[in-house]
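What follows is a short report on a single structure.
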Amino acid sequence: MTLRNLNPEAQLVSLKQPEIHTLTQVQPHGVLLVLRETDLSIVQVSRNARAAFGLPAEELLGQTLDDLLDAYQVDQVRAGLRHDNLDIMNPTKVWVRRRGDDYGVYDAIFHRNSEGFLILELEPALNNEAIPFLSFYHLARASIGQLEAGTASLADFCRIIVHEVRQVTGFDRVMLYKFDDDGHGEVLAEEKLDDMEAYLGLHFPESDVPQPARKMFLSNWIRVIPNASAEPVDLVPAINPVTQHGTDLVMSILRQPYRCHTEYLHHMNVEASLTISLMKDQKLWGLIACHHKTPKYVPYELRKACEFLGRVIFAEISTLEEEADQSYRLKLAAVQSALIDQMARADYFIDGLVRHDPSLLDLVGAKGAAICFGGQWTTLGRTPPEEELNYLVQWLANRAEQTEQDIFVTNALPLDYTEAQRFKDVASGLLAIAISKRSYVLWFRPEVIQTVNWGGNPNEAYTLVGEGDEQRLCPRQSFELWKETVSLRSLPWQSVEIKAALELRKAIVNIVLRQAEELALLANDLERSNAELKKFAYIASHDLQEPLNQVANFVQLLEMRYDAKLDDDGKEFIGFAVEGVSLMQTLIDDVLAYSKVDLQGIEWQLTEVQQALDQALGNLRGRVAETGAIITADPLPTIVADGTQLMQLFQNLVGNAIKFRKPGETPHIHIGVQRQEEHWLFSVTDNGIGFDPQFAERIFVIFQRLHTRDEYAGSGMGLAICKKIVECHRGRIWVEAALSQGATFYFTIPVEGRDRNHGNGHKAKNYLFSRG
């Protein structure tokens, strides 16, 4: 809350209201006694005690109740004190002899304070007859019956409460006030005199009912101020002689309120108030506030009757809210159960969250959702762009490291994360759960702009009055309508939605762990199978060398020895055999090269890319010379890679560019490079024949060809080898081409070499949980 009109040098900390237990003055309409419970002797007494006992306060100190009341009354008191709960004896009617036959009749209210003293408060009894409790019971039942007869709503219940409380108390105004999650309050129902200012529908800032007062309302459900202008009365002595400090009067009915509070009432033009706490789940849900323009005393029994009325009817409010919450809770439980079942059935758990009905959005009533898992994003509904999502997850991860919390909830994301203002119309509200350090499920709600009506400017809740050491905070004097347009906020997330999200997190973690275990077993089996296949490919290709050489030698020997006896067909057949042996030899060499490309076999080291390219061009010098190819390159960097495999990669790509040249045209080939955020991006561009872009993925598949061997020789394994080399370096390879317009092959090598989280322009794919 912003404080206006304050001296900038004022130490506001010292100006805060004192703690409630340090307030030791009492309101003058009653008399307070601090007693030792063992002998009922008086330790302290309020200075106005003469009005009740006919003796000055100082003369009462040290006396016992036996000295002030008749024996029968004292016996009744002692009998009541045997109970732990003193409410059963409150109030006790007592007759006090002042002088002669002058008696005073009082309501005696007892309680024990935190220090073990017995606090006795005497309030004048306005009549000697107990207020008929059953009448209030029947009144409450009649009120509830009115609501049960029709369609009950929260507004109906609130209106009934304020009407009935005003009927039985006669206050000029009664209003029901509910606290929101931010601590501010809203008047839900009001009944008043026509000439009083209306507060119905207005919001009041959290500071109007400060935290110390709220704590008191939790334990002391009724607070009464009969005359806000009355001068408070001191205790005699001011300091408790036993404890040597002020007596704790937190639970006292007569305790004088804060000066700031009485000034607040004066600014509202009221002189008397009665406040009743409304509790739900051991928390302060709201208040029933009664105001009167003139001083007004309310007897204890009538106050308790109002409390009973409020509790009984408010119990119906709690039931109404619980029924609504339970209905919504059951709906979300059904959605949650369906999502877990869908995840369990899906090969890829995220499909179970986004590809069926119900979906992730239905779990918390969101307009958009996004899942970050394994470096990939899956989105549903309206969400921020992927680039913004990456920054948002980084912010959430940093925050989680500091708070050690697996969930983040806000309905005002731009106020916590300023960058969110760029996409406030989509995500002013965020509910996020962490699956791991870098994996999240996010739900979004859009901005909802609304107008809030305040009872006075909430930014001017207090002003500073007085000078020097006498400076103090004074409440605002204006309660006129003040409108505020609230932006950068979404509809709030309900507690039941937050619980549902946390339950889903547990399910996701369990399913992911289970799938990880299953896939780990499959990966081990696959690794063994791949190792066996590699061994088989190596041995088979190696062992085929010898018989192939024998076939080639004997065919050539046959041609030399029987050349004169062979006709043209025979010579042609021998030529076919020699050509087939040569092709088989090439295929075996390529299979051997492919089987040797392995992640475990990579020698990570600083490699000069220019040197690897020079070696590749040296191996191709015959073909370069034959075609007159012109090869150029950007200045090439030094990177972390396997130099031998990098040479093989350039040799295959440049060799293909020469092979698929345009007839009658000199090949022009350029090797380019760019340093990007996390990787090096290389390109090999040619002016060759190109190909249809629809085959851009197919050409990297082993043994796949776009042309016949008669048109272009080769095994169809060169690009498959390139792809395997790049992927073993944690990179990515792709091609852009068009018919008769050449082609450009791109590949990436991560800057950090073996770091598996780097490597391409897109987030690294998680192969363990990939879709297929």
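Model, not experiment: these values are computed from the prediction. What's counted below: heavy atoms across the whole structure, side chains too, no hydrogens, waters or symmetry copies.
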Evaluate the criterion ring pair (Phe, Tyr, Trp, His ring centres under 6.0 Å) for residue pair F691 and F660; output intermediate values, then yes/no.
CA-CA 10 Å; F691 58 87; F660 296 102; 8.9 Å; no

Under the side chain to side chain contact (heavy atoms under 4.5 Å, CB included) rule, what do R732 and E727 come out as? Steps first, then yes or no, please.
CA-CA 6 Å; R732 175 174 172 260; E727 289 180 347; over 6 Å; no

Do F408 and R399 pass the side chain to side chain contact (heavy atoms under 4.5 Å, CB included) test, and can you show the C-alpha distance, the side-chain angles, and the key distance before you say yes or no?
CA-CA 9 Å; F408 176 77; R399 190 180 183 280; 3.2 Å; yes

I'd like to know whether D362 forms a side chain to side chain contact (heavy atoms under 4.5 Å, CB included) with D357, so could you lay out the CA-CA distance, the side-chain angles of the two residues, the decisive distance to 0.1 Å, and finally the verdict.
CA-CA 9 Å; D362 300 308; D357 186 20; 3.9 Å; yes

Could you check I725 against F747 for side chain to side chain contact (heavy atoms under 4.5 Å, CB included), going step by step and ending with a plain yes or no?
CA-CA 10 Å; I725 290 173; F747 66 89; over 6 Å; no

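Under a 3.5 Å cut-off, the side chain of R445 and the backbone N or O of P492 do form a donor-acceptor pair. A donor-acceptor pair under 3.5 Å is absent between the side-chain atoms of W443 and the main chain of L361, judged by distance alone. Side chain of T607 to backbone of A641: a donor-acceptor contact under 3.5 angstrom is found. With hydrogens and angles disregarded, no donor-acceptor distance shorter than 3.5 Å links the side chain of S337 to the backbone of A333. Without hydrogens or angle criteria, H729 side chain to D642 main chain gives a donor-acceptor distance under 3.5 Å. Within the 3.5 Å criterion, the main-chain N or O of P358 finds a donor-acceptor partner in the side chain of Q342. A donor-acceptor pair is defined here as one N or O able to donate and one able to accept, closer than 3.5 Å; such a pair exists between the side chain of D686 and the backbone of A743. Of the possible polar contacts, one joining the E497 side chain to the Q494 backbone as a donor-acceptor pair under 3.5 Å is found.
Note: F682 and F650 have perpendicular aromatic rings, judged against thresholds of 30 and 60 degrees for the angle between ring planes. Between W395 and Y417, the angle of the ring planes lies from 30° to 60°, which puts this pair in the tilted group.
In this model, a donor atom of one side chain and an acceptor atom of the other lie less than 3.5 Å apart for T744 and T685. At a cut-off of 3.5 Å, with distance as the only test, a side-chain donor of N652 or Q648 sits close to an acceptor on the other residue. For the residue pair H670 and D634, a side-chain donor N or O sits within less than 3.5 Å of a side-chain acceptor on the partner. Counted by atom type alone, N398 and Q402 present zero donor-acceptor pairs between their side chains at under 3.5 Å.
To the nearest 0.5 Å, atom OH of residue Y177 and atom CG of residue L287 are 7.5 Å apart. To the nearest 0.5 angstrom, R505 atom CZ is 3.5 Å from D406 atom CG. Rounding to the nearest 0.5 Å gives a distance of 6.0 Å between CG of D180 and NE2 of H184. Atom CG of L430 and atom CG of N411 lie 11.0 Å apart (nearest 0.5 Å). Distance check, rounded to the nearest 0.5 Å: CH2 of W734 to CZ of F745 gives 12.5 Å. Rounding to the nearest 0.5 Å gives a distance of 11.0 Å between CG of L488 and OG1 of T418.
Annotation for Q694: atom CD counts as buried by contact number, over 12 foreign heavy atoms lying within 6.0 Å. Counting non-hydrogen atoms of other residues, nucleotides and ligands closer than 6.0 Å to CD of E697 gives a total of 12 or fewer.
Nearest approach of T379 to A370, heavy atoms of both residues: CG2-CB, 4.0 Å. Nearest heavy-atom pair, V673 versus P637, reported as atom, atom and distance to 0.1 Å: CG2-CD, 4.0 Å. The two residues L360 and L339 have their closest heavy-atom pair at N-CD2, 4.1 Å. Nearest heavy-atom pair, A507 versus M343, reported as atom, atom and distance to 0.1 Å: CB-CE, 4.2 Å. Across all non-hydrogen atoms, the minimal contact from L719 to F700 is O-CD2, 3.7 Å. The two residues L442 and L389 have their closest heavy-atom pair at CD1-CD2, 4.3 Å.
Under the 4.5 Å side-chain criterion, counting only non-hydrogen atoms from C-beta, L284 is in contact with M279. Contact annotation: the side chain of L353 approaches that of I508 to within less than 4.5 Å [non-hydrogen atoms, C-beta and beyond]. Taking 4.5 Å as the limit, some side-chain heavy atom of I639 sits within range of a side-chain heavy atom of L646. Side-chain contact between S359 and V354 is absent, with no heavy atoms from C-beta onward closer than 4.5 Å. At least one side-chain heavy atom of L392 sits less than 4.5 Å from a side-chain heavy atom of F444. Taking the side chain as every heavy atom from C-beta outward, I407 and L431 approach each other to under 4.5 Å. No side-chain heavy atom of I340 sits under 4.5 Å from any side-chain heavy atom of E503.
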